[in-house]
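In what follows, a structure is listed as structure tokens, so that the remarks can point back to it.
What you see below is based on every heavy atom in this structure, not just the backbone, and it leaves out hydrogens, waters and symmetry mates. Proteins get letters first, then strands, A, B, ... in listed order; numbering begins at 1 in each.
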Protein chains: 2
Amino acid sequence: MTEKQQNILNSALRLFATEGVDSTSTSKIAKHAGVSEGLIFRHFTNKEGLLQAILENGREKSDAYFHSVMQVKDPKERLLMTLHLPFVIPSDEYDFWRLFYTLKWQRGPMEHEGMNLFRNSMKEAFEELGYTNPSAEAQLVEALIDGVATEVLLKEIYPKPLLDCILEKYKLK
Amino acid sequence: MTEKQQNILNSALRLFATEGVDSTSTSKIAKHAGVSEGLIFRHFTNKEGLLQAILENGREKSDAYFHSVMQVKDPKERLLMTLHLPFVIPSDEYDFWRLFYTLKWQRGPMEHEGMNLFRNSMKEAFEELGYTNPSAEAQLVEALIDGVATEVLLKEIYPKPLLDCILEKYKLK
DNA sequence: GTCTATACCAGGATAGAC
DNA sequence: GTCTATCCTGGTATAGAC
């Protein structure tokens, strides 16, 4: 992976995330990356290939997240960490997550294996905690995380009070 | 508003919502609507004008929603209706809401006055109900609604159990 | 109000030199 | 690995006839 190759990846992610994949032209990416347009195609075959390379990158990072949460054995602790997720997104990953959420609406669910494992581990946590409907609870947590992550990624928010409200709902406070 | 004009609006909404604004060409819209391409520009000036017409339409409908909820005086009842919102989206408005959420990520917040009023009415409900931090609670409800609406719009879900979980968190069950 | 024809440009992609 | 030059398609938009 040369420096220019990395530049292309970075620029494309930034532009895809902020302006959308379809309205970002390859020439714009090239200019932003300080690179010739042709180079993009040399390295990534086509625009779709570039997008896939970016997604592959991000998937690895996000799986690391999920993995670290799933390793926690205590269900209460695991739920707690899960609810924290939207608030601990590293700011240098904001672009990726913006892109991720955008694509959900255009290219279907963006599912990958790591996410299914995670979903299941949430369900198990609720089972162990004796909740009445663990799988609905897991679905709710997922929706909640997505909603809160959206607020975090798109608006200025004050994390502390919001987090407090959430934890109180799950009697973790 | 002639029939063909309406056809254009319907087709554009469907295509914008499912494939994205930028990757939907005017010629595709024209074919889908059974109309000449030129007609689109006669009626809506340009593609952006077409999009705006669609959004204006949807805004009116959604404001009707919000308005009906805000009229409810009892705070508990109002909160209850609010939490129901994602589950009572008429299926013929799914396209609009899909488009709405997509655009949030590309063109900023999609805010309009009706939404601010609504936000405030939620905050007031939590005040009246004696919650510690009403404005954070309102923000949480908004995130929750968005997250749940996303599930409803993008996945198959079983509304009943999910709703039960939510109501239980707010002691409405 | 509506269609056909067409202008014009921008975007994705390739070829070939260095 | 990288750049320059270029091709070609298809997208937005306009003009003019009916």
Inset, instruction - Describe the nucleic acid contact of A:Ser23 in one word from base, sugar-phosphate, nothing, applying a heavy-atom distance below 4.0 Å. - result: nothing
Legend entry - Interatomic distance, A:Arg107 atom CZ to A:Thr102 atom OG1 [nearest 0.5 angstrom]: 11.0 Å
Inset, instruction - Hey, could you give me the CZ/NZ distance between A:Phe87 and A:Lys160, rounded to the nearest 0.5 Å? - result: 12.0 Å
Looking at [X], I'd like to know whether one of its side-chain N or O atoms comes within less than 4.0 Å of OP1 or OP2 on [N].
X: B:Thr2; N: C:dT2; value: yes
X: A:Thr26; N: C:dG12; value: yes
X: B:Lys28; N: D:dG10; value: no

Separation of atom [atom1] in [X] from atom [atom2] in [N], rounded to whole Å:
X: A:Leu39; N: C:dT14; atom1: CG; atom2: P; answer: 14 Å
X: A:Leu15; N: C:dG11; atom1: CG; atom2: C1'; answer: 15 Å
X: A:His43; N: C:dG12; atom1: NE2; atom2: P; answer: 18 Å
X: A:Asp22; N: C:dG12; atom1: CG; atom2: C1'; answer: 12 Å
X: B:Phe41; N: C:dA5; atom1: CZ; atom2: P; answer: 18 Å
X: B:Glu48; N: D:dA13; atom1: CD; atom2: C1'; answer: 15 Å
X: A:Ile40; N: D:dG1; atom1: CD1; atom2: P; answer: 15 Å
X: A:Lys31; N: C:dG11; atom1: NZ; atom2: C1'; answer: 11 Å

Legend entry - Nearest-nucleotide comparison on DNA chain C, the residue closer to the 5′ end among A:Arg42 and A:Ser27: A:Ser27
Inset, instruction - Check the angle between the aromatic planes of A:Tyr170 and A:Phe126 and answer parallel, tilted or perpendicular using the 30° and 60° thresholds. - result: tilted
If you only use heavy atoms from C-beta on, which nucleotide in [options] is closest to the side chain of [X]?
X: B:Gln5; options: C:dG1, C:dG11, D:dT12; result: C:dG1
X: B:Val35; options: D:dT12, C:dC3, D:dC3; result: C:dC3
X: A:Lys4; options: C:dC3, D:dA13, D:dC3; result: D:dC3
X: A:Ser25; options: D:dT2, C:dG12, D:dT12; result: C:dG12
X: B:Asn46; options: D:dT2, C:dG1, D:dA13; result: D:dA13
X: A:Lys47; options: C:dC3, D:dT12, C:dG12; result: C:dG12
X: A:Glu37; options: C:dG12, D:dT2, D:dT12; result: C:dG12

Inset, instruction - Answer yes if the side chains of A:Gln52 and A:Glu48 hold a donor-acceptor pair under 3.5 Å, and no otherwise. - result: yes
Legend entry - Heavy-atom side-chain proximity of A:Val88 to A:Met81 below 4.5 angstrom: no
